[in-house]
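Here is the structure we will look at, set down as C-alpha cells.
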Amino acid sequence: MATVLLTGGAGFIGSHTALEFLNAGVDVVVVDDFSNSSPKALDRVQKLTGKSLTSYNQNACDAEGMRRVFANCRFDAVVHFAGFKAVGESVAKPLEYYRNNIDSALTVCELMREYDVRKIVFSSSATVYGSAKTMPILESFETGRCTNPYGWTKFMIEQILLDAAKADPNLSVTLLRYFNPVGAHESGEIGEDPLGLPNNLAPFITQVAVGKRAKLNVFGNTYPTPDGTGVRDYIHVVDLAQGHVAAYQHATPGAHIYNLGTGKGTSVLEFVAAFERATGVHIPYEIVEPRPGDVAVCYADPKRAEQELGWTAKLGLDEMCRDAYNWQRKNPNGYRD
Ligand code: UDP
C-alpha cells in the first residue's frame with residue numbers, strides 16, 4: 001500500500017487532507033509539532049474513517065527527528081503543510097517566519113533526496129500572485145511582489161522546489177495555490193481552530209454566530225467592487241483536501257502548478273448574507289478601515305486543475321457556511337474542550 005507523509009497534518013487543511021487520503025486507500029503518516037493544532041484532530045480523522053494513521057510529535061525543522069521518521073517508513077510522497085501562517089504576525093516576526101518556513105521546507109527536501117522520495121505536493125497560496133492586474137488569475141501570471149513575509153515564504157519555497165525539480169529529473173513537484181479555504185468536514189468533528197482572535201473572515205463570522213464575538217468588522221467598503229467590500233474565491237476545505245489527493249495521484253516528474261479555487265468571487269457582504277441564509281443566524285457587522293495589504297479582488301481560474309487533475313470544487317457557499325457553523329457550534333472552543 002502507498003504511504004504519504006503529511007507535515008503539518010494535524011492542522012486545518014492537513015487534517016481534512018489526511019481524511020481524504022485514508023478514504024482513498026492511501027496510508028498516512030503525520031508529522032506535526034502541535035504548536036498550532038491538536039492531536040485530537042487526528043483521533044477524530046481516525047474515528048471518521050475507521051482507519052488508523054501514524055503520527056509523530058515532531059517539528060519539521062528538526063533534521064535528526066525528521067530523519068528518524070524517514071528511516072522508519074518508505075514514503076511515496078510528501079505533502080508539505082507545516083509552517084507559520086498568520087499574515088499579521090509575519091510582519092511583526094519576519095525572521096521567525098523565514099527561519100521556520102524555509103528551514104522546514106529545505107529539511108523535508110533534503111531528506112526526500114536522502115531517502116529517494118520523489119514526489120512532493122506543496123501547500124502554496126494565491127498570495128504569491130500579489131495584486132494581479134486582471135481576473136481570473138491563471139497559473140501563468142507573474143508571482144512575487146508579496147505584501148508580507150508570510151507570502152514571501154510561500155514564494156521562496158515555490159522557487160526552491162522549482163529549482164530542485166530542474167536539477168533532478170526524477171523529482172515531481174506540485175505547487176497548489178490555495179485561494180480562501182473555509183468550511184469544515186460535514187460531520188462537524190474536524191474544522192478550523194484558530195488561536196486567539198481569528199484573522200480570517202470565516203472563523204471570525206462563526207465566532208460571532210456562536211456569541212463569542214459581538215460583531216464582525218468589515219475591512220473597508222470603498223474597493224472597486226460591486227458593493228465596495230473585498231472579493232475572494234472561497235473554497236470548501238473538503239474540496240481543497242480532495243485536490244491534494246488528485247495532485248498526488250497525477251504526480252509525474254517535473255514541476256506542476258495548480259490553482260485550487262472555485263473560479264467564483266464573493267464579496268464580504270455576500271459572504272455574510274450567504275452565512276445568514278444557510279444558518280438562520282444574524283451576523284451584526286460594522287464597516288471599519290481597510291486592512292493594510294489587502295487586495296480588492298482575488299479569484300482563480302481553476303481550469304488547469306480540471307483539465308490535468310480531473311478535479312473541480314463541488315461544494316458551494318451554502319455548504320461552506322453550513323459546515324463551518326456546524327463545526328463551531330459543536331466545538332465552541334475548538335479542540336480545547
Ligand atoms: N475580512 C473582513 N473582516 C475580517 C476578516 C477579513 O472584512 O475580520 C475581509 C478581508 O478584508 C478580505 C476578506 O474578508 O476582503 C477575506 O479575508 P481573509 O483574511 O479571510 O483572507 P485573505 O484573502 O485576506 O487571505
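Every value quoted in this text rests on a predicted model; they were computed, and no experiment measured them. Counting from 1, the numbers follow the sequence of the chain as shown.
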To the nearest 0.5 Å, what is the distance between [atom1] on [X] and [atom2] on [Y]?
X: Leu240; Y: Leu315; atom1: CG; atom2: CG; value: 11.5 Å
X: Thr143; Y: Leu162; atom1: OG1; atom2: CG; value: 8.5 Å
X: Thr127; Y: Arg145; atom1: OG1; atom2: CZ; value: 13.0 Å
X: Asn148; Y: Thr153; atom1: CG; atom2: OG1; value: 8.5 Å
X: Asp27; Y: Thr54; atom1: CG; atom2: OG1; value: 7.5 Å
X: Lys154; Y: Leu175; atom1: NZ; atom2: CG; value: 10.5 Å

Taking every non-hydrogen atom, the tightest pair across [X] and [Y]:
X: Cys298; Y: Ile137; result: SG-CD1, 4.0 Å
X: Ala10; Y: Ser38; result: CB-O, 3.9 Å
X: Asp32; Y: Ser37; result: OD1-OG, 2.8 Å
X: Cys321; Y: Ala278; result: CB-CB, 3.9 Å
X: Leu195; Y: Arg336; result: CD2-NH1, 3.7 Å
X: Phe204; Y: Pro198; result: CD1-O, 3.5 Å

Okay, side chain of [X], backbone of [Y]: is any donor-acceptor separation there less than 3.5 Å?
X: Asp239; Y: Lys314; result: yes
X: Lys51; Y: Val26; result: no
X: Asp76; Y: Thr3; result: yes
X: Arg329; Y: Val210; result: no
X: Asn59; Y: Cys61; result: yes
X: Asp33; Y: Gln58; result: no
X: Tyr223; Y: Val295; result: no
X: Ser55; Y: Val30; result: no
X: Asn259; Y: Ala300; result: no
X: His80; Y: Ser123; result: no

>> Before you tell me yes or no, could you show the steps for Lys40 and Asp43 under salt bridge (Lys or Arg N to Asp or Glu O under 4.0 Å), namely the whole-Å CA-CA distance, both residues' side-chain angles and the distance that decides it to 0.1 Å?
In response: CA-CA 5 Å; Lys40 281 188 197 159; Asp43 296 340; over 6 Å; no
Over 60° means perpendicular and under 30° means parallel, so tell me whether [X] and [Y] are parallel, tilted or perpendicular.
X: Tyr325; Y: Phe275; result: perpendicular
X: Phe155; Y: Trp152; result: perpendicular
X: Tyr248; Y: Phe21; result: perpendicular
X: Phe70; Y: Phe75; result: perpendicular

Taking atom types as modelled, is there a side-chain donor on [X] or [Y] under 3.5 Å from an acceptor on the other?
X: His185; Y: Asp323; value: no
X: Arg44; Y: Asn331; value: yes
X: Tyr129; Y: Arg177; value: yes
X: Ser267; Y: Asp227; value: yes
X: Glu308; Y: His250; value: no
X: Ser124; Y: Glu158; value: yes

Going only through I, L, V, M, F, W and Y residues with side-chain contacts under 4.5 Å, is there a path from [X] to [Y]?
X: Val173; Y: Ile157; value: yes
X: Tyr258; Y: Tyr299; value: no
X: Leu260; Y: Phe122; value: no
X: Leu42; Y: Leu6; value: yes
X: Leu48; Y: Phe12; value: yes

Side chains of [X] and [Y], heavy atoms from C-beta outward: is any pair under 4.5 Å?
X: Tyr234; Y: Thr262; value: no
X: Ile120; Y: Met112; value: yes
X: Phe219; Y: Val288; value: yes
X: Leu106; Y: Ile160; value: yes
X: Asn72; Y: Tyr56; value: yes
X: Ile205; Y: Val272; value: yes
X: Ile102; Y: Met156; value: yes
X: Val297; Y: Thr225; value: yes

Would you find more than 12 non-hydrogen atoms of other residues, nucleotides or ligands less than 6.0 Å from [X] atom [atom1]?
X: Tyr335; atom1: OH; answer: yes
X: Lys212; atom1: NZ; answer: yes
X: Lys47; atom1: NZ; answer: no

> Does the gap between the ring centers of His244 and Tyr178 come in under 6.0 Å?
Replying inline: yes
> Run the side chain to side chain contact (heavy atoms under 4.5 Å, CB included) check on Asn36 and Phe84 step by step: do they pass?
Replying inline: CA-CA 9 Å; Asn36 189 19; Phe84 294 161; over 6 Å; no
> Taking it one step at a time, do Asp116 and Arg74 satisfy salt bridge (Lys or Arg N to Asp or Glu O under 4.0 Å)?
Replying inline: CA-CA 9 Å; Asp116 197 27; Arg74 144 108 227 127; 5.2 Å; no
> Leu19 and Ile190: side chain to side chain contact (heavy atoms under 4.5 Å, CB included), yes or no, with the steps?
Replying inline: CA-CA 10 Å; Leu19 182 145; Ile190 54 174; 4.1 Å; yes
> Where do Glu110 and Arg113 land on the salt bridge (Lys or Arg N to Asp or Glu O under 4.0 Å) test, with the steps shown first?
Replying inline: CA-CA 5 Å; Glu110 286 168 353; Arg113 183 174 58 185; 5.1 Å; no
>> What verdict does the salt bridge (Lys or Arg N to Asp or Glu O under 4.0 Å) test give for Arg322 and Asp318, after you've listed the backbone C-alpha separation in whole Å, the side-chain angles of each residue and the deciding distance to 0.1 Å?
In response: CA-CA 6 Å; Arg322 179 199 67 196; Asp318 270 14; over 6 Å; no
>> Looking at Glu96 and Arg99, is there a salt bridge between them, counting it only when a charged N and a carboxylate O are closer than 4.0 Å?
In response: no
> Should Asp62 and Glu64 be marked as a side chain to side chain contact (heavy atoms under 4.5 Å, CB included) after you check the CA-CA gap, both sets of side-chain angles, and the distance that decides it?
Replying inline: CA-CA 6 Å; Asp62 168 8; Glu64 282 320 304; 3.9 Å; yes
